[in-house]
Protein chains: 2
Amino acid sequence: MRADAQRNAEKLRAAAAELFRERGLQVPLKEIARRAGVSHGTLYNLFGTREALIDEVVTEHATSRLDEVAQQALACADPWDGFAHYVEKLCELQATDPAVADVVSGRYPGAERLMTACAQSMDAAQRIVGRAHEAGALRPDFTNADLVFAFAANALLARATADTAPTAWRRQVAYLLDGLRTEAARTSVPAGRLTRQQVQDALTSLGEKA
Amino acid sequence: MRADAQRNAEKLRAAAAELFRERGLQVPLKEIARRAGVSHGTLYNLFGTREALIDEVVTEHATSRLDEVAQQALACADPWDGFAHYVEKLCELQATDPAVADVVSGRYPGAERLMTACAQSMDAAQRIVGRAHEAGALRPDFTNADLVFAFAANALLARATADTAPTAWRRQVAYLLDGLRTEAARTSVPAGRLTRQQVQDALTSLGEKA
DNA sequence: ATGTAGCTTGACCGCGGGGTCAAGTTAAAT
DNA sequence: ATTTAACTTGACCCCGCGGTCAAGCTACAT
């Protein structure tokens with residue numbers, strides 16, 4: 001590989017990393033090239049497909065974030081606390097980092113490294129759920145699939161309300177956790193008084209993003 | 001208005017009603033015209049904007065459905081049962097009828113009749129929530145805004161998983177309701193054992209729809 | 001039967017996405 | 001310095017969306 005190609009690949013990787021984290025994995029490839037200061041043709045030359053670029057740019061970042069949260073969860077002495085921590089932090093990650101959100105609730109069959117990392121992450125989730133089940137703290141009918149869909153719903157909601165009702169997802173997550181717990185307990189819900197107008201605005205922007 | 005125009009308007013209304021209910025309110029206008037067997041120019045002539053068409057075609061349908069659910073809820077002797085019924089049935093409505101889903105979690109400022117109907121529907125929700133609050137059955141920190149966002153999340157999830165995990169949303173709603181209830185109670189969750197593969201497929205299609 | 005206002009049509013525009021490739025440029029080997 | 005293979009570029013293609021409008025057609029009153 002020639003030195004200039006190397007440089008361009010690096011510029012593209014940097015731009016892609018930025019845009020993926022800002023706006024998610026479906027950001028237009030031409031826009032990545034634009035931000036990198038390079039023709040979009042070059043992007044296609046060097047990476048071929050979006051998924052190849054994702055695999056190179058997102059994998060480490062995403063897996064390290066996800067692993068970190070899972071580790072913290074498993075480090076909690078109390079299995080329920082571990083589970084709750086996992087859910088909260090992972091949802092927070094999704095709300096903060098659209099790239100991670102897309103990794104958690106999406107599939108990119110072409111991104112091999114990413115997909116194996118995902119599988120590992122799923123296993124970690126399985127362990128966290130299992131531990132909470134065994135301790136009798138998590139309702140027994142809750143499955144791993146439910147967890148995945150909860151994350152999916154959170155990703156969608158968080159993205160849709162990011163700039164209009166940034167705490168909406170937190171409250172939903174708090175309610176959900178209370179519904180999942182075996183022993184009755186009301187977690188306190190993060191503040192978030194909204195005026196009717198704010199709710200209207202949130203719905204408006206929600207419509208624009210759907 | 002000339003007779004042929006009348007006929008075309010009727011054909012367009014019918015086609016729009018169908019497509020809105022099948023695929024939601026963002027369905028391409030040209031596709032509506034196509035299904036009506038009429039040029040898209042005609043659609044623009046007769047209705048001008050998407051929102052005008054929505055207002056004519058969706059309003060009655062949506063409000064009658066929403067009213068019905070709200071009436072049933074208020075008819076429940078027990079305020080909690082009323083609230084739970086409202087949430088479940090409204091979510092079911094969203095899952096079954098994309099048009100209603102878009103009405104519930106979207107805004108269409110150009111569709112006047114629809115918007116006033118929406119406002120009324122919000123008032124009904126307010127009453128249902130208030131009743132549950134007064135009875136002490138619904139956690140006091142739960143607001144109307146939370147309800148709106150819960151519906152929004154449900155709409156997104158239900159649509160994304162419609163053809164891969166059609167009961168996913170039901171389970172999420174059941175968990176949520178248990179989290180919202182003051183007195184501890186574990187509602188039974190609708191069946192929905194999914195294989196890993198089914199979950200993967202659901203995530204795939206989710207990515208395609210985002 | 002004919003005139004005309006009302007209506008319909010489909011080609012056309014702008015936009016923005018994905019993707020390709022011939023022509024031109026440049027790094028680097030000699 | 002020259003050559004050549006590697007690389008870059010941007011014009012170009014496709015598609016589908018929303019939206020407009022001159023030209024032509026048709027319902028209807030006379």
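Naming convention: chains lettered A, B, ... in sequence-line order (proteins, then strands); numbering from 1 in each chain. Everything quoted here is computed from the prediction, not taken from an experiment.
- For the pair Glu92(A) and Lys89(A), the salt-bridge criterion is met [side-chain N within less than 4.0 Å of a carboxylate O].
- Where the helix from dA1(C)-dT30(D) to dT30(C)-dA1(D) starts and where it ends, the local axes point in directions that differ by 20°; five pairs per end, rounded to 10°.
- Between His40(B) and Tyr44(B), the angle of the ring planes goes over 60°, which puts this pair in the perpendicular group of the 30/60° scheme.
- For the OP1/OP2 pair of dC7(C) and a distance below 4.0 Å, the side-chain nitrogens and oxygens of Asn8(B) include no atom meeting the criterion.
- A salt bridge is absent between Arg50(A) and Asp55(A); no separation between the charged side-chain nitrogens and carboxylate oxygens falls under 4.0 Å.
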Base contacts versus sugar-phosphate-only contacts with protein, heavy atoms under 4.0 Å: please encode nucleotides 17-30 of chain C as B, S and - from 5' to 3'. SBBB-----BSS--

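- Atom CG of Leu43(B) and atom C1' of dG10(C) are 15 Å apart (whole Å).
- Side chain of Ser105(B) to main chain of Asp102(B): no donor-acceptor pair is present (N/O by atom type, distance under 3.5 Å, no hydrogens or angles).
- Using a 4.0 Å cut-off between a side-chain N of Lys or Arg and a carboxylate O of Asp or Glu, Glu18(B) and Arg13(B) do not qualify as a salt bridge.
- Taking a cutoff of 4.0 Å between a charged side-chain nitrogen and a carboxylate oxygen, Arg139(A) and Asp178(B) qualify as a salt bridge.
- Atom NZ in Lys11(B) sits about 11 Å away from atom C1' in dT8(C), given to the nearest Å.
- Between Glu31(A) and Arg23(A) there is a salt bridge, since at least one side-chain N of the basic residue sits less than 4.0 Å from a carboxylate O of the acidic one.
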Show which side-chain atoms of residues 114-131 of chain A pair as donor or acceptor with protein atoms under 3.5 Å away, not counting sequence neighbours.
unit_1    : atom_1 : unit_2    : atom_2 : d
Thr116(A) : OG1    : Arg113(A) : O      : 2.9
Gln126(A) : OE1    : Asn144(A) : ND2    : 2.4
Arg131(A) : NH1    : Cys76(A)  : O      : 3.2
Arg131(A) : NH2    : Ala73(A)  : O      : 3.2
Arg131(A) : NH2    : Cys76(A)  : O      : 3.0

